[in-house]
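Structure first, then comments.
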Amino acid sequence: MPELPEVETIKRDLNKSIKGKKILEILYCDTKNLIKEPSFKEFEREIKNKEIKEIKRRAKNLLFYLSSDKVLLIHLKLTGHLLLVDSKYKIKNSKWTGDNLPEELKDPRNQFIHLSFLLSDGNQLALSDLRKFAAIRLIDKESLANYLSEYGPEPLEKDFTFEKFKEAIKNRKGPIKKILMDQSVIAGIGNIYSDEILFESGILPARDVKDLSEKELKRIYNSISNVLKKAIKLRGESISDFRDIKGRLGRFDRERFVYRREGKPCKKCGTIIERIKIGGRSAHFCPKCQK
DNA sequence: TGCAGTGTTGCTTC
DNA sequence: CGAAGCAACACTGC
């Protein structure tokens, strides 16, 4: 699932490859309701011949700043990812077709194409999304700040100090895992990394945030940046659908300690990893390493 | 075989 | 008001 490290990986790759290129046209679109605003017709008109000035990330959103007063905002949700592909490869019925397809494009996870933009360098930027939950918007720069205003602080920004972390969780109650995944508290953490962060900090996911000591909070604070930075270095996780813009897998999976390891031995102490439900989601933990 | 599980967000319901 | 449940969609695993 694209959480902060996956979206950050995409952002960095795109800034190296398509910054300064123009979006010439929409090559393919089979699900117009991916575009949430404006209407498809207006979207198509507004996006044509616009240069991509820069790509940024806020929470799990990708922000394409265009050479107009508009920003293209893409949220990949559960199974979406972007692919940068030579435009000589064609799409038919959501699948790549033709001879000599690169191996990466044959990966079934890269075969759910619903939208593709032709770029001025001869490449196409395509969205693959098995569950079609991804959401795309084209909004004014002025409206952008408002649109993003509900998000909490970015955990990897320099100004995300321990004091700021404590401020963000002040007056909150409930399981720490749920708080970490709340985008209005901290931006960008989802189910996988909240489990991994809590394992590294040695804190049980069900612990109530208001009962955590200063020391325990400090451990969680440190683990947030440790785990996220490590995941970015490994170019994200690909347990499920995430692929990078070349269609390649991330390597965080093998560094996982708890997520989706129910019934398997803890890599640190050998105790069997358990799974419980917290806020309707799976939480994985080691009952010995985490207190 | 069929149905619960999978995760993110936003909307609806209580 | 906040918390909980569910829908959006499609595939996997039991």
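Quick note on labels: first sequence line is chain A, next is B, and so on, each numbered from 1.
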Which way is the base of dG5(B) turned, syn or anti, if we draw the line at 90° from 0? anti
Check for a donor-acceptor pair, side chain of Ser94(A) on one end and backbone N or O of Phe112(A) on the other, with a separation under 3.5 Å. no
Write out all pairs satisfying ring-ring contact (aromatic ring centres under 6.0 Å, His included) with one or both partners inside residues 141-163 of chain A, taking only residues at least two apart or from two chains. Phe160(A)-Tyr221(A), Phe162(A)-Tyr221(A)
When the P atoms of dC9(C) and dC11(B) are considered, how many whole Å apart are they? 15 Å
Lys177(A)-Ser194(A) side chain donor-acceptor pair, cut-off 3.5 Å: yes
Residue pair Arg243(A) / Gly247(A): nearest heavy atoms and the distance that separates them: CD-O, 3.5 Å
Under a 4.0 Å heavy-atom criterion, the protein footprint on nucleotides 3-14 of chain B, written with B, S and -, is --SBBBS-----
Considering only the C1' atoms, how many Å lie between dG5(B) and dG5(C), rounded to the nearest integer? 16 Å
Could you report the tightest heavy-atom contact between Ile91(A) and Ser116(A), atom names first, then the distance? CD1-CB, 3.7 Å
Contact list for DNA chain B against residues 235-254 of chain A - heavy-atom distance below 4.0 Å: none
Using Watson-Crick and G-U wobble pairs whose two distances are both under 3.5 Å, how do you write the pairing of DNA chain C as dot-bracket, with | for links to another strand? .|||||||.|||||
Let's go through Arg275(A) and Ser282(A) carefully: what are the C-alpha distance in whole Å and the side-chain angles of both, what is the deciding distance for side chain to side chain donor-acceptor pair (under 3.5 Å) to 0.1 Å, and is it a yes or a no? CA-CA 6 Å; Arg275(A) 179 168 70 105; Ser282(A) 281; 2.8 Å; yes
Going 5' to 3' along DNA chain C, which are the first and last nucleotides with any atom under 4.0 Å from a heavy atom of chain A? dA3(C) to dC11(C)
Which residue, Glu142(A), Glu37(A), Glu46(A), Glu42(A), forms the salt bridge (charged side-chain N to carboxylate O under 4.0 Å, His left out) with Lys70(A)? Glu46(A)
Please state the P separation for the pair dA4(B) and dA7(C) - nearest whole angstrom. 13 Å
Could I get the full list of side-chain contact (heavy atoms from CB on, under 4.5 Å) partners for Ile136(A), not counting sequence neighbours? Ile35(A), Phe43(A), Leu72(A), Ile74(A), Leu115(A), Leu127(A)
With a 4.0 Å cut-off on heavy atoms, is Lys36(A) in touch with a base, just the backbone sugar-phosphate, or nothing at all? nothing
Which atoms form the tightest heavy-atom contact between Leu34(A) and His114(A), and what is the distance? CD1-CB, 3.6 Å
Can you see whether Asp244(A) engages Thr9(A) through a side-chain donor-acceptor pair at a distance of less than 3.5 angstrom? no
Gap in Å between the two P atoms, one belonging to dG7(B) and one to dC14(C), rounded: 15 Å
Does a donor on one side chain and an acceptor on the other come within less than 3.5 Å for Thr31(A) and Asn33(A)? no
Closest heavy-atom contact between Asp253(A) and Gly250(A)? OD1-O, 4.3 Å
Between Ser128(A) and Arg109(A), is there a side-chain heavy-atom distance shorter than 4.5 Å? no
